[in-house]
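Numbers here simply count residues along the sequence, with the first being 1. Below, each value reflects all heavy atoms present in this structure, side chains not excepted, and no hydrogens, waters or symmetry copies.
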Amino acid sequence: RARTAFFSSMSHEIRTPMNGIMGMTNIALKNLDDREKTESCLNKIMAASEHLLGLINDVLDMSKIESGKLSLKESPLNLAELIHNLISLINPQLKEHQHELHVETYNISDEYLLGDTVRLNQIFTNILSNSIKFTPRGGKLKLEIKQLTLAPTGYGHFRFVFSDKGIGMDQEFLPHLFTPFERSQTSNTDSIEGTGLGMAITKNIVDLMGGTIEVTSAAGSGTTFTV
């Protein structure tokens, strides 16, 4: 069942950017003297390649999770820097969809931490990318970060709340949100790319960090993730 679900979900997702890469490469080769057209093709090839790499990384991460080989690395990080870099990373997507992201912080007393920057970024970008994709153009997104007091000595306890006013999700779908390859199937989501792996991976990373992830959503009223 898992193999069938994998092939039905991934065959189309992988074929789409591959066809784009091949098609744009052929056009570029036939127009080498036309700098503008060649540059346009190369930019589209780059975008399709990044999308394809994202799909491959998701599949590899899911494979690591299922074999119990996903691990965390511990290195120094600065929380303010992490959030600044996160915003820089997703800024092109925000601009493309003409969204605004408002960030608020509360009671942050420990900025310098030990943690896995790559996996934290993965959690945050997966959630924010979904908010961006599933919010109509010109939307307002919000991220609230608060340090909580209840944490064992030597540990930091932080709450990250991501909220949007996007298309939201049906109540029937919510229990399946963190299941691999599951996507909400509505006329609003049919044209939006995705494998259905992002949230499953996010949940597994959060679990590995000893954290929790909760979601509240309603169709047409937006979604809030609390990590």
Peer 1: Which residues satisfy the side-chain hydrogen bond (donor to acceptor under 3.5 Å, both in side chains) test with Q93, sequence neighbours excluded?
Peer 2: none
Peer 1: Is there any salt bridge (Lys or Arg N to Asp or Glu O under 4.0 Å) pair reaching into residues 115-132, and which pairs are they, with sequence neighbours excluded?
Peer 2: D61-R119
Peer 1: Can you name the ring-ring contact (aromatic ring centres under 6.0 Å, His included) partners of F124, sequence neighbours left out?
Peer 2: F160, F162
Peer 1: Once salt bridge (Lys or Arg N to Asp or Glu O under 4.0 Å) is applied, do any residues pair with K203, and if so which ones, sequence neighbours excluded?
Peer 2: D207
Peer 1: Do you know which two heavy atoms are closest between N126 and G198, and how far apart they sit?
Peer 2: ND2-O, 3.3 Å
Peer 1: Can you check whether I45 reaches S49 side chain to side chain, under 4.5 Å on heavy atoms?
Peer 2: yes
Peer 1: With rounding to the nearest 0.5 angstrom, report the CD1 to CG distance, I132 to L101.
Peer 2: 7.5 Å
Peer 1: Would you please name every residue forming a side chain to side chain contact (heavy atoms under 4.5 Å, CB included) with T212, sequence neighbours left out?
Peer 2: none
Peer 1: Can you list every salt bridge (Lys or Arg N to Asp or Glu O under 4.0 Å) pair that touches residues 218-227, not counting sequence neighbours?
Peer 2: none
Peer 1: Can you tell me how far CG of L86 sits from CD of E81, rounded to the nearest 0.5 angstrom?
Peer 2: 12.5 Å
Peer 1: Within this structure, what is the CG-CD1 distance for the pair L42 and I27, rounded to the nearest 0.5 Å?
Peer 2: 11.5 Å
Peer 1: Quick one: does any side-chain atom of S40 pair with a main-chain N or O of E36 as donor and acceptor, under 3.5 Å?
Peer 2: no
Peer 1: Using 0.5 Å steps for rounding, measure from the NZ atom of K30 to the OG1 atom of T38.
Peer 2: 13.0 Å
Peer 1: Do H84 and S88 come within less than 4.5 Å of each other through their side chains, counting heavy atoms only?
Peer 2: yes
Peer 1: Extract all donor-acceptor atom pairs below 3.5 Å that involve side chains of residues 220-227 and protein atoms in other chains or at least two apart in sequence.
Peer 2:
residue, atom, partner, partner atom, Å
T223, OG1, S217, OG, 2.8

Peer 1: With sequence neighbours left out, what residues match D110 under salt bridge (Lys or Arg N to Asp or Glu O under 4.0 Å)?
Peer 2: none
Peer 1: Which residue pairs pass the ring pair (Phe, Tyr, Trp, His ring centres under 6.0 Å) test with at least one member in residues 99-120, sequence neighbours excluded?
Peer 2: H97-H99
Peer 1: side-chain contact (heavy atoms from CB on, under 4.5 Å) between T105 and I108: does it pass, once the steps are laid out?
Peer 2: CA-CA 7 Å; T105 59; I108 306 294; 4.0 Å; yes
Peer 1: Restricting to side-chain hydrogen bond (donor to acceptor under 3.5 Å, both in side chains), what partner residues turn up for S71, sequence neighbours left out?
Peer 2: none
Peer 1: How many angstroms lie between atom CG of L77 and atom OG1 of T117, to the nearest 0.5 angstrom?
Peer 2: 4.5 Å
Peer 1: Holding to side chain to side chain contact (heavy atoms under 4.5 Å, CB included), I want the full list of residues that pass it with A80, two or more places apart in sequence or in another chain.
Peer 2: N78, E111
Peer 1: Can you name the nearest heavy-atom pair linking F178 to M199, along with the distance?
Peer 2: CD2-O, 3.4 Å
Peer 1: Could you grab the distance from atom CG of N26 to atom CD1 of I21, nearest 0.5 Å is fine?
Peer 2: 12.5 Å
Peer 1: For N130, which residues count as a side-chain hydrogen bond (donor to acceptor under 3.5 Å, both in side chains) partner, sequence neighbours excluded?
Peer 2: none
